[in-house]
Enquirer: 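Starting off with a structure, shown below.
Numbering of ligands and ligand atoms starts at 1, following listing order.
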Amino acid sequence: MAKKTIKDLQVEGKTVLVRVDFNVPMKDGKITDENRIQASLETIKYLIDHQAKLVLFSHLGKVKTEEDKAKNDLKPVAERLSQILGKEVVFSSVTRGQELEDKVKSLKAGDVLLVQNTRYEDLDGKKESGNDPELGKYWASLGDVFVNDAFGTAHRAHASNVGIASHLESAVGFLMEKEVKFLGDAVDQPVRPFVAILGGAKVSDKIKVIENLLDKADKVIIGGGMAFTFLKAQGKEIGQSLLEEDRIELAKRLLEQAGDKLILPVDTTVADAFSNEANIKVVSIDDIPANWQGLDCGPKTVELFADVLKDAKTVVWNGPMGVFEMPNFAKGTIGVCQAIADLEDATTIVGGGDSAAAVAQLGYEDKFSHISTGGGASLTYLEGVDLPGVVSIDDK
Ligand code: AMP
């Protein structure tokens with residue numbers, strides 16, 4: 001890649017500041033899913049093995065009140081990381097000041113320090129999220145080089161990624177390198193046919209993604225709630241299904257522009273209420289009853305989508321095909337997941353967020369070439385927009 005990677009850096013004996021993504025879900029001070037910690041281990045272990053002194057930075061949740069501070073304390077993550085690594089992880093309970101500086105100074109080669117939640121700095125004037133120049137400079141002063149491995153926040157310009165990077169020699173870590181390679185290659189130099197599958201709730205959240213992929217992919221499949229605004233734009237009656245009235249004109253324009261590139265559902269599982277206990281039936285997209293709502297793709301749609309996918313050499317999937325959280329409306333998402341998993345000779349990529357959660361829930365993690373760890377960041381990439389967290393890293 002065009003950016004320096006961790007292997008381009010001399011790290012032995014150096015204090016290496018590492019931005020990781022430890023923004024893990026927590027309940028009552030306990031980590032409920034440690035995937036993000038696991039995803040950062042390759043970089044952390046490499047730096048330990050190469051005798052660096054590691055200073056790890058991460059945010060956790062949003063910090064707007066004192067209550068958020070207590071809820072989003074990173075200490076449990078330091079404890080868990082220590083267990084996983086089988087070595088001490090020093091924790092600095094503050095994001096600046098004597099305690100942090102003393103702990104950084106006392107690190108020896110191979111030692112690891114985790115700094116308190118960077119967003120504690122947001123309580124007093126959004127210093128982290130607003131990329132306060134003084135804060136980035138201060139953090140940079142603690143180390144010799146900077147590694148950014150936090151793909152999950154790469155779409156944001158914050159003090160702990162872009163701020164630090166502007167003061168030190170910098171490189172991307174292994175996770176960031178992998179994310180950028182898979183997503184970047186898929187969108188910018190895909191092996192064709194390139195099929196994109198988009199789902200989820202709203203057209204408005206993904207307009208730029210749809211536009212960019214209509215430009216770059218050979219086929220764009222649209223399922224999930226957002227398909228109904230397109231179906232409405234085609235003049236179909238969609239009953240009580242999800243509709244964004246103010247996006248109908250946009251959907252019409254995209255349909256005209258896309259021609260047969262854009263594929264929509266042909267049937268749907270409708271329900272008489274937004275509930276797993278509701279009455280359900282499968283109907284053609286032309287026969288949605290007035291008081292029912294489409295909550296999943298139907299079996300003919302899954303067949304159609306699987307047929308479009310079968311020759312694909314590159315597949316990017318973002319967003320569930322229905323309300324997959326409710327078992328009665330998960331079949332479309334499972335069907336599409338299966339169809340992608342069955343492709344033997346294709347690079348298959350799942351954008352983060354709900355589609356990654358769906359893949360995990362179905363136990364299909366091993367069947368994809370790459371499952372992105374960053375929902376917002378991978379969507380930004382799919383929009384064709386450069387990620388500030390990557391742009392700010394030194395070129396090779
Ligand atoms: P997103 O965050 O935009 O990817 O949207 C994900 C959400 O879309 C999930 O919570 C799904 O339950 C929801 N969703 C998918 N299909 C539908 C649908 N047909 N009607 C309502 N919500 C849907």
Enquirer: Decide if atom CD of Gln83 counts as having more than 12 heavy atoms of other residues, nucleotides or ligands within a radius under 6.0 Å.
Expert: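 Yes - once you tally the heavy atoms of other residues, nucleotides and ligands closer than 6.0 Å, there are more than 12.
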
Enquirer: Answer yes or no for Phe228: is there a heavy-atom contact with ligand 1 below 4.0 Å?
Expert: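 Phe228 counts as a contact of ligand 1 under the 4.0 Å cut-off.
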
Enquirer: Would you name the heavy atoms of Leu255 and Ala233 that are closest together and state the gap between them?
Expert: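 Smallest heavy-atom distance, with atoms named: CD1-CB, 4.0 Å.
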
Enquirer: Are Asp149 and Arg19 ion-paired here, with the side-chain N under 4.0 Å from a carboxylate O?
Expert: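 The answer is no: the pair does not qualify as a salt bridge.
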
Enquirer: How far is atom 5 (O) of ligand 1 from its nearest protein heavy atom, and which residue and atom is that?
Expert: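 Protein heavy atom at minimum distance: Ala201 N, 3.0 Å.
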
Enquirer: I'd like a table of donor-acceptor pairs (distance under 3.5 Å, sequence neighbours excluded) in which one partner is a side-chain atom from residues 287-296, with atom names and distances.
Expert:
residue, atom, partner, partner atom, Å
Asp296, OD1, Gly332, N, 3.3
Asp296, OD2, Lys331, N, 3.1
Asp296, OD2, Gly332, N, 3.0

Enquirer: Exactly one of Val89, Ile48, Leu107, Val11 should register a side chain to side chain contact (heavy atoms under 4.5 Å, CB included) with Leu54. Which one does?
Expert: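 Of the listed residues Val89, Ile48, Leu107, Val11, the side chain to side chain contact (heavy atoms under 4.5 Å, CB included) partner of Leu54 is Ile48.
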
Enquirer: Quick test: of every protein heavy atom, which one is nearest to atom 7 (C) of ligand 1, and how far off is it to 0.1 Å?
Expert: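 Here the closest protein heavy atom is Asp354 OD2, 3.8 Å.
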
Enquirer: Identify, for atom 16 (N) of ligand 1, the protein heavy atom at the shortest distance, and state residue, atom and that distance.
Expert: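 Nearest protein contact, heavy atoms only, for atom 16 (N) of ligand 1 is Gly225 N, 3.0 Å.
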
Enquirer: Among all the protein's non-hydrogen atoms, which is closest to atom 22 (N) of ligand 1, and how far away is it?
Expert: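 Checked against all protein heavy atoms, atom 22 (N) of ligand 1 sits closest to Val323 CG2, 3.6 Å.
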
Enquirer: Applying ring-ring contact (aromatic ring centres under 6.0 Å, His included), can you list everything that pairs with His50, at least two apart in sequence or on another chain?
Expert: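 Partners of His50 by the ring-ring contact (aromatic ring centres under 6.0 Å, His included) criterion, ordered by chain and then number, come out as Tyr46.
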
Enquirer: Among all protein heavy atoms in this structure, tell me which lies nearest to atom 19 (N) of ligand 1, with the distance rounded to 0.1 Å.
Expert: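 Atom 19 (N) of ligand 1 sits closest to the protein heavy atom Gly294 O, 3.1 Å.
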
Enquirer: What is the closest protein heavy atom to atom 4 (O) of ligand 1, and at what distance does it sit?
Expert: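 Result: Lys206 NZ, 3.1 Å.
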
Enquirer: Using a 4.0 Å cut-off to any heavy atom of Gly224, which atoms of ligand 1 qualify?
Expert: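 Counting atoms of ligand 1 from 1, those under 4.0 Å from Gly224 are 16 (N), 19 (N).
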
Enquirer: In plain terms, say whether Lys3 and Asp395 are close enough for a salt bridge, that is, a side-chain N and a carboxylate O under 4.0 Å apart.
Expert: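 Yes, Lys3 and Asp395 are salt-bridged.
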
Enquirer: What protein heavy atom sits nearest atom 12 (O) of ligand 1, and how far off is it?
Expert: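 Going atom by atom, the protein heavy atom closest to atom 12 (O) of ligand 1 ends up being Glu325 OE1, 2.7 Å.
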
Enquirer: Which residue supplies the protein heavy atom nearest to atom 15 (C) of ligand 1, what is that atom called, and how far is it?
Expert: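 Protein heavy atom at minimum distance: Gly322 O, 3.2 Å.
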
